[in-house]
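For the single chain, residues carry numbers from 1 onward in sequence order. Note that the structure is a prediction, hence the values are computed from the model and not measured.
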Amino acid sequence: MIWRQKQRGGDSSTNIQAQVVQYGVSYMDAKQIAMDVFNENFSKLSQNAHRVAVERADELTLNYLSELHEREPAAIENIEDPGVQSDILEAQSGFAKSGDRDLGEILVDILVDRTARKERNTASLALSVALSTAQKLTGAHFAALSALFVFKQLRMIGAGRPEHVYERISNYLGPMRDDIRGLSRSDVEYLAALGCITISMGSIAIHQTMQQTYPGLFCEGVDVSSAPSQPSGAPEDGPESVINMLKGTPAVTRSLRDSTKFQVAAVDRESLHKLLDDNGMLEHEEVLNKTLTARPMNGDAIIEELRTYDPRLGEIMEVYNSKSLPNCSNTAIGTAIGHANLRKVTSGAFSSALDVWFS
């Protein structure tokens with residue numbers, strides 16, 4: 001059976017749905033190759049165990065090829081590559097031994113990304129290791145890697161208000177609440193031992209990441225009532241001077257949180273650069289970049305807003321902090337697994353290409 005029912009049809013598209021697959025000879029060849037490799041390696045099992053293993057391997061292969069066609073159709077040619085075949089067998093073996101559908105979905109996502117890469121580089125090597133490592137993890141481990149991915153590595157494109165960030169975090173991590181509540185300190189040490197994460201002395205709190213990633217969304221605003229009447233426009237001018245000087249231009253807007261105050265009209269440095277470039281104001285970029293981060297919102301207030309938006313996030317953040325995840329970072333292996341788990345939890349709605357984190 002197909003685990004993710006997705007149908008995106010059109011005049012020039014080919015659909016894979018339920019048990020009906022139409023892809024042509026190359027698809028059938030690919031399925032045969034994958035199952036031949038599996039059968040050759042699992043032929044020594046007892047009759048009943050072999051039957052169950054083949055059924056599970058066939059199920060994973062069907063879902064793998066369906067997802068491959070959806071995301072990386074041109075990569076089907078890579079199935080004849082020995083390295084890719086070895087990794088297909090690794091995924092089939094993992095699912096054949098457990099029959100765990102959650103694990104199966106994660107293996108499929110990792111395997112699709114792996115199949116798209118024939119070159120021997122960090123991404124392909126990390127994905128190969130991730131296929132074997134994922135089989136050694138539980139739901140709590142997967143949730144921890146995804147939480148690190150969301151809180152430390154993910155930037156929400158197009159978020160124009162704090163609520164947009166909260167909504168996506170809720171959609172991504174909310175469903176993992178029950179899994180992450182089972183996380184222990186020994187689980188965190190285990191993830192480090194497997195090479196999924198690194199643990200450092202320094203820590204980065206959730207609110208700090210949000211302030212750094214979206215400074216324009218998590219700022220208090222600037223009160224210009226006491227600003228100098230004639231700012232110099234020099235880099236050493238304070239935020240009040242800069243805002244007062246540029247008030248009335250596209251670079252300044254009313255504060256999102258206090259209508260009596262003002263702020264830079266951008267979410268982050270990248271969007272600020274585009275705004276200034278579009279409006280011929282690049283000469284002000286240096287002072288506006290400093291102003292953008294000059295009045296950060298109180299960290300406790302950010303956490304309280306998150307908790308109020310979705311109480312599940314409050315529970316997740318408590319575990320995240322109590323198990324020292326602010327001191328942890330995903331490795332390339334952990335990133336691949338956390339990314340795949342996020343796709344699994346959102347049924348593919350989270351669709352950012354893994355290449356963004358391996359470039």
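There is no side-chain donor-acceptor pair under 3.5 Å between Asn63 and Ser66. Side chains of Asn327 and Ser200: no donor on one and acceptor on the other come within 3.5 Å. Under the 3.5 Å distance criterion, with hydrogens and angles disregarded, no donor-acceptor pair is assigned to the side chains of Ser351 and Arg343. No side-chain N or O of Glu119 forms a donor-acceptor pair with one of Ser124 less than 3.5 Å apart. Side chains of Glu220 and Gln263: a donor-acceptor N/O pair is absent below 3.5 angstrom, by distance only.
Taking 4.0 Å as the cut-off between side-chain N and carboxylate O, Glu105 and Arg101 count as a salt-bridged pair. Between Arg307 and Glu304, at least one side-chain N (NZ, or NE/NH1/NH2) sits under 4.0 Å from a carboxylate O, which counts as a salt bridge. Comment: Lys290 does not engage Glu285 in a salt bridge, judged by the lack of any side-chain N to carboxylate O separation of less than 4.0 angstrom. Using a 4.0 Å cut-off between charged side-chain N and carboxylate O, Asp187 and Lys323 make no salt bridge. A salt bridge links Arg257 with Glu305; the closest basic N to acidic carboxylate O contact falls under 4.0 Å. Ion pairing between a basic and an acidic side chain is recognised when a charged N comes within 4.0 Å of a carboxylate O; Lys118 and Glu77 show no such pairing. Here Arg177 pairs with Glu315 in a salt bridge; the nearest charged N to carboxylate O distance falls below 4.0 Å. Arg185 and Glu189 are not joined by a salt bridge, as no carboxylate oxygen comes within less than 4.0 angstrom of a charged side-chain nitrogen. Using a cut-off of 4.0 Å between Lys/Arg side-chain N and Asp/Glu carboxylate O, Glu167 and Arg161 are scored as not salt-bridged. A salt bridge links Asp178 with Arg181: at least one charged nitrogen is closer than 4.0 Å to a carboxylate oxygen.
If you take CG on Leu191 and OG1 on Thr198, they are separated by 11.5 Å, rounding to the nearest 0.5 Å. Lys261 contributes atom NZ, which lies 10.0 Å from atom SG of Cys219 (distance to the nearest 0.5 angstrom). For the atom pair OG1 (Thr346) and CZ (Arg168), the distance works out to 12.5 Å, reported to the nearest 0.5 Å. Here the CD1-CE distance, from Ile169 to Met156, works out to 4.5 Å after rounding to the nearest 0.5 Å.
Of the possible polar contacts, one joining the Lys152 side chain to the Pro326 backbone as a donor-acceptor pair under 3.5 Å is found.
Across Lys247 and Val224, no two heavy atoms sit closer than the pair NZ-CG2, 4.1 Å. Phe95 and Leu60 get closest at one heavy-atom pair: CB-CD1, 3.5 Å.
Just one residue in the list Phe142, Trp357, Tyr172 forms a ring-ring contact (aromatic ring centres under 6.0 Å, His included) with Phe149, and that residue is Trp357.
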Determine, stepwise, if the pair Ser271 / Asp268 fulfils side-chain hydrogen bond (donor to acceptor under 3.5 Å, both in side chains). CA-CA 6 Å; Ser271 59; Asp268 52 26; 2.9 Å; yes
For a side-chain hydrogen bond (donor to acceptor under 3.5 Å, both in side chains) check, start with the C-alpha distance between Asn341 and Ser146, then their side-chain angles and the critical distance, and finish with the verdict. CA-CA 7 Å; Asn341 185 54; Ser146 290; 2.9 Å; yes
Carefully, step by step, assess Thr115 and Tyr64 under the rule side-chain hydrogen bond (donor to acceptor under 3.5 Å, both in side chains). CA-CA 10 Å; Thr115 305; Tyr64 157 58; 2.8 Å; yes
Could you walk me through whether Thr61 and Gln92 satisfy the side-chain hydrogen bond (donor to acceptor under 3.5 Å, both in side chains) test, starting with their C-alpha distance in whole Å, then the side-chain angles of each, then the deciding distance to 0.1 Å, before giving a yes or no? CA-CA 7 Å; Thr61 302; Gln92 290 172 321; 2.8 Å; yes
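In this structure, Phe350 has its ring center closer than 6.0 angstrom to the ring center of His339.
The 12-atom threshold is not exceeded at CD of Glu80, counting heavy atoms of other residues, nucleotides or ligands nearer than 6.0 Å.
Phe151 and Tyr320 have perpendicular rings, their planes meeting at more than 60° on a 0 to 90° scale where under 30° would count as parallel.
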